[in-house]
Amino acid sequence: MSIGVKICGITEPASLETAIEYGADWIGFVFFPRSPRFLTPAQGADLSIRMPTNGPARVGLFVKAQDSDIQAALDEVPLDILQIYDTPSRAAEIRNRFGLPVWLAYGVSTRSDLPAYSDLDGLLIEARPQIDALRPGGNGQSFDWHLTQNWHPPAPWMLAGGLTPENVSQAIAISGAQAVDVSSGVETTPGVKSAEKIRTFIQNARSTCARSKS
Ligand SMILES: O=C(O)c1ccccc1N[C@@H]1O[C@H](COP(=O)(O)O)[C@@H](O)[C@H]1O
């Protein structure tokens with residue numbers, strides 16, 4: 001089975017085109033003002049219209065967002081999926097309110113941080129942010145990929161945090177992830193993606209087989 005790849009934090013057309021050309025499954029638009037990848041709804045719309053009908057899905061990323069913030073983005077960008085940094089109950093509320101699939105992010109540092117139950121559509125499993133982190137993700141921080149071995153995920157999940165073209169194969173092999181998400185690992189500086197890194201990341205992820213779970 002092919003490994004799913006999400007390229008998150010796209011801010012300009014050139015990197016969007018590269019991600020599409022090399023077959024990314026999901027493109028992430030960050031609607032979190034404190035991110036160097038922040039897009040206004042209008043900027044998101046300008047990128048979104050460049051995406052082909054049968055291309056990658058559009059994922060909108062929101063951190064502790066109000067309904068009005070999500071609605072403002074949806075008014076301009078036809079998002080397919082909402083990636084949420086908040087509590088499970090708030091994530092379920094958002095799914096009910098907007099009727100779209102919701103992926104909830106979990107910051108993990110120990111096995112007990114991995115969710116045993118979820119009624120959501122997807123889980124982002126990434127490193128628990130440092131206490132003084134400016135944002136809950138997009139920090140280039142990884143966790144011990146062995147933690148997800150023999151975990152019984154309650155929903156489809158994606159590995160994120162600190163992934164790079166150089167380590168993505170090893171991360172997949174160790175963690176057993178069937179899908180991966182990257183933002184800062186394919187950048188030259190915060191918010192500026194590298195076409196070469198996007199290309200290599202996708203190719204390296206796709207050439208790896210996740211270990212079967214036992
Ligand atoms: O990318 C951001 O700026 C961001 C801001 C707030 C929350 C999450 C964010 N990004 C997500 O974080 C993970 C890991 O990113 P990285 O590859 O370590 O930089 C990923 O899911 C991004 O979508």
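In each ligand, atom 1 is the first atom listed, and ligand 1 is the first ligand listed. A quick note: this is a predicted structure, and the numbers were derived from the prediction, not measured.
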Cationic N near anionic O, under 4.0 Å, Arg37 to Glu187
yes
According to salt bridge (Lys or Arg N to Asp or Glu O under 4.0 Å), does anything in residues 15-29 pair up with another residue at least two apart or in another chain? List the pairs.
Asp25-Arg206
Close residues (non-hydrogen atom under 4.0 angstrom from ligand 1) work out to Lys6, Cys8, Phe32, Ser35, Arg37, Leu61, Val63, Gln83, Tyr85, Leu124, Glu126, Arg135, Pro136, Gly137, Gly138, Asn139, Gly140, Gln141, Ala160, Gly161, Gly162, Asp181, Val182, Ser183, Ser184
State, without any angle test, whether Asn204 and Thr208 hold a side-chain donor-acceptor pair at a distance under 3.5 Å.
no
Looking at Arg90 and Asp67, does any basic side-chain N land under 4.0 Å from a carboxylate oxygen?
yes
Verify, without hydrogens or angle tests, whether Arg111 (side chain) and Thr148 (backbone) share a donor-acceptor contact under 3.5 angstrom.
no
Counting N and O atoms only, with roles assigned by atom type, does the side chain of Arg50 sit under 3.5 Å from a partner on the main chain of Asp46, one being a donor and the other an acceptor?
yes
